[in-house]
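Here is how names work: the chains are called A, B, and so on, in the same order as the sequence lines, proteins then strands, and each is numbered from 1.
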Protein chains: 2
Amino acid sequence: MDDEKSYSVDKIAPQPTIRRIPSYLRILYEYQAEGNQWISATDIAERLSLKPIQVRKDMSFTGITGKPKKGFLIQDLITSIRNFLGWTRASDAVIVGTGALGSALLGYKSFSHQGLNIVAAFDKDPDRVGKTIRGMKVLSMEELPELVSRMHVRIGIITVPSEAAQEVADVLVSAGIEGIWNFSPTKLKTPSSVVVQKEDLCSGLAVLSVKMGARHSNGEDGRD
Amino acid sequence: MDDEKSYSVDKIAPQPTIRRIPSYLRILYEYQAEGNQWISATDIAERLSLKPIQVRKDMSFTGITGKPKKGFLIQDLITSIRNFLGWTRASDAVIVGTGALGSALLGYKSFSHQGLNIVAAFDKDPDRVGKTIRGMKVLSMEELPELVSRMHVRIGIITVPSEAAQEVADVLVSAGIEGIWNFSPTKLKTPSSVVVQKEDLCSGLAVLSVKMGARHSNGEDGRD
DNA sequence: TAGATTGTTAATCGATTAACAATC
DNA sequence: TAGATTGTTAATCGATTAACAATC
């Protein structure tokens, strides 16, 4: 049963690598805007306070090859990374939940650079339906299945309160969505064919808190 | 003889453990609200699709001890986790940048449960200063140093565009802030005494994209 | 050329999981 | 008691870092 896949024989990238790659892409655009054509792993590492070896290793997963002494051709590296991430063209997405976080994401202009194109926003609340948020008219949940299937939308973003999240996920799944970006703190039940990525702001806050606490239990006081 | 702080000698928790702990806390409140007094690692693992052994190991870092056959006393575990995270009382924080993301965070009511209490919001834009967002009057940057030092605010949240982020960080640092929660995609330069936690939404999107892409290169089609 | 940088294999480090005795 | 669950030590797995040859 493990007849080799045609070309995905390459070792798959570790998740930490995948998470770092968008920041590399950002640096590349910056570096290019500064008029450069080449960039080395050392350059990238410096801007992000990483070690060059790690950048090099990460890059190797994207399939890029560089030139000793020069580094990587920025344009090629950008292409390579965008291919790796599947960000060659922005995927259409819908967002469900037009509260504060939802409208923040709607307004996040640079998603287009990040392979995401939000094409519609939905809300259950009749008071919100019909309103325009960041230039986008809020649609009712009833309109979701038809729009998703007509436009072949692959990604659904959930920014509703946690009580409503599962219900929304069910609607998205039966509308044929393939991936869910879940900003509610709820663990969703979905068929295994659907990819779910959960964001949890609290985990970052926990890291900050523990680091700050550790500093203090070391007897320090925050003064220098 | 080692009646020193019992915690400081313990092995420190891995970062992945720290990131999972807030989700445990959430489950505990849920479970308690359902009228339970005890919870086992197995119960927690089930709700979060983790393995019981991992939950048990994570818990051990908080210093809790359970009872064989029963699990953990929920109330004790909550206390233990809150101590571990330093969330026994909410830390005061200020937020700089009242754009979409900033006002979303301002509106995030449940931060109070998560050890964070936003006491003031600042913005550079004179059009925003004086306006009220989510019940909080937006202050000008000039007022920041005095407020931070008067209230002994320890945490600053940065939700400004990336060009402005470093400048804001500098103001926060010289006002005496001890930790920065950075939502801009900029790597900040700060003295080592200041703890910085950077959030990057794109990294989650990258993981989603790659997982969805991988599915397709396996020859699947998203249908079941 | 000499030296910087790549790309790869091997070594190390850190996190997760397994095994199992203790115990309620 | 018997059995479920804890807590800890050891084994495994995965990610990072080191070492180094290749090369421009």
Distance in angstrom units between [X] [atom1] and [N] [atom2], rounded:
| X | N | atom1 | atom2 | value |
| --- | --- | --- | --- | --- |
| B:Lys57 | C:dA19 | NZ | P | 15 Å |
| A:Met59 | C:dT6 | CE | P | 10 Å |
| A:Ile64 | C:dT8 | CD1 | C1' | 17 Å |
| B:Leu77 | D:dT5 | CG | P | 16 Å |
| A:Gln15 | D:dA15 | CD | P | 9 Å |
| A:Leu73 | C:dT6 | CG | P | 13 Å |
| B:Asp58 | C:dT16 | CG | P | 7 Å |

Which ring-ring contact (aromatic ring centres under 6.0 Å, His included) pairs, counting each pair once, include a residue from [range], with sequence neighbours left out?
| range | result |
| --- | --- |
| residues 84-112 of chain A | A:Tyr108-A:Phe111, A:Phe111-A:Trp181 |
| residues 192-214 of chain B | none |
| residues 29-59 of chain B | B:Tyr29-B:His113 |

Tabulate protein N/O versus nucleotide N/O from nucleotides 11-14 of chain C, keeping only pairs under 3.5 Å, one per line.
none

- Does any residue of residues 19-56 of chain A have a heavy atom under 4.0 Å from DNA chain C, and if so, which ones, in number order? A:Ser40, A:Ala41, A:Ile53, A:Arg56
- Item | Main-chain N/O of B:Asn83 paired with B:Thr88 side-chain donor or acceptor, under 3.5 Å | no
- Message: Please check this pair: side chain of B:Ser209 against backbone of B:Leu205, looking for a donor-acceptor N/O pair closer than 3.5 Å.
- Response: yes
- Item | A:Ile53: side-chain contact (heavy atoms from CB on, under 4.5 Å) partners, not counting sequence neighbours | A:Lys51, A:Arg56
- What residues form a side-chain contact (heavy atoms from CB on, under 4.5 Å) with A:Ser103, not counting sequence neighbours? A:Ile133, A:Arg134
So which protein N/O to nucleotides 22-24 of chain D N/O distances come out below 3.5 Å?
none

- Message: Any salt bridge linking B:Asp76 with B:Lys67? Criterion: basic side-chain nitrogen under 4.0 Å from a carboxylate oxygen.
- Response: no
Salt bridge (charged side-chain N to carboxylate O under 4.0 Å, His left out) involving [X] - partner list, sequence neighbours excluded:
| X | answer |
| --- | --- |
| A:Arg20 | A:Asp58 |
| A:Asp43 | none |
| B:Arg19 | none |

- State, to the nearest 10°, the angle formed by the axis through the first five base pairs of the helix from C:dG3-D:dC24 to C:dC24-D:dG3 and the axis through its last five. 10°
- Task: Please test A:Ile21 against B:Val210 for side-chain contact (heavy atoms from CB on, under 4.5 Å), starting from the C-alpha separation and ending with a verdict.
- Result: CA-CA 11 Å; A:Ile21 284 184; B:Val210 170; over 6 Å; no
- Message: Please determine whether salt bridge (charged side-chain N to carboxylate O under 4.0 Å, His left out) holds for the pair A:Glu30 and B:Lys187, giving the CA-CA distance in whole Å, both sets of side-chain angles, and the decisive distance to 0.1 Å.
- Response: CA-CA 13 Å; A:Glu30 258 181 53; B:Lys187 162 88 192 146; over 6 Å; no
